[in-house]
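Structure first, then comments.
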Amino acid sequence: YALRHSAAVITDAAAIRDELQQRYGKQLAALHVVPIGVRLPPPDKTTTTPPAGRVLYLAKLMPYKGQRQAIEAWRVLQEQYPQESVGLTLTLQGYANDDAFMAELTAAIQRLPNPDAVKIRPYIKDVSLAELYADADLLLFLSAYEGFGLPVIEAQAHGVPVVASDLPVLREVGGEAAVYV
């Protein structure tokens, strides 16, 4: 109702604009894209410590956000490349309010060949984005649907490489600087 009766609709991504046009067609008024941006201090790259293989998955812990797929990918990595996966860690960090989904994730982690390599950390309001990304060598973001994909642009702003779902909105945000799967 709101979309059909609005004088204008503003979205933060061209991919969402296109989805709205496809879904609602001529029923919509003018559609405008106003991208979200981030302005962060440049990352401190003075350290000479080699990457330790710390993979961060920063998203609300929900079924469509792709944490199941990340754990499954980690299982394949550990089983098919046991020597190469030594020392690699995956941290799933985000707000959780679905107890059944959390139990499912925890059980999937316990079935891994090396369950200690995967941790679930809750959202912590006193930790800054800079601190989260400073502890990451890679951002993994396998969401099935996004309206914008803010973690992708945040990671890039902090100099952290990104592997993300091959979604139009994530390609729009991450550009050629991310790897899409």
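- When the shell of 6.0 Å around OH of Tyr180 is examined, it contains more than 12 heavy atoms from other residues, nucleotides or ligands.
- Looking at Gln78, its side chain never comes within 3.5 Å of a backbone N or O of Leu112 through a donor-acceptor pair.
- Between the CG atom in Leu92 and the OH atom in Tyr57 there is a gap of 8.0 Å [rounded to 0.5 Å].
- Note on ring orientation: taking the six-membered ring where Trp is involved, the planes of His158 and Tyr133 are parallel (angle under 30°, cut-offs 30° and 60°).
- Counted within 6.0 Å of CD on Glu131, heavy atoms from surrounding residues, nucleotides or ligands total more than 12; the atom is thus considered enclosed.
- To the nearest 0.5 Å, atoms CZ (Arg54) and OG1 (Thr91) are separated by 9.5 Å.
- Note on Tyr95 and Leu150: separate hydrophobic clusters, where clusters join Ile, Leu, Val, Met, Phe, Trp and Tyr whose side-chain heavy atoms are under 4.5 Å apart, directly or indirectly.
- Around the CG atom of Asp99, the shell of radius 6.0 Å holds no more than 12 heavy atoms that belong to other residues, nucleotides or ligands.
- Listed for the Glu172 side chain is a donor-acceptor partner under 3.5 Å among the backbone atoms of Ala15.
- Rounded to the nearest 0.5 angstrom, Arg121 CZ and Asp135 CG are separated by 6.5 Å.
- Across all non-hydrogen atoms, the minimal contact from Leu58 to Pro151 is O-CG, 3.5 Å.
- The CD atom of Gln80 sits 8.0 Å away from the CZ atom of Arg75 when rounded to the nearest 0.5 Å.
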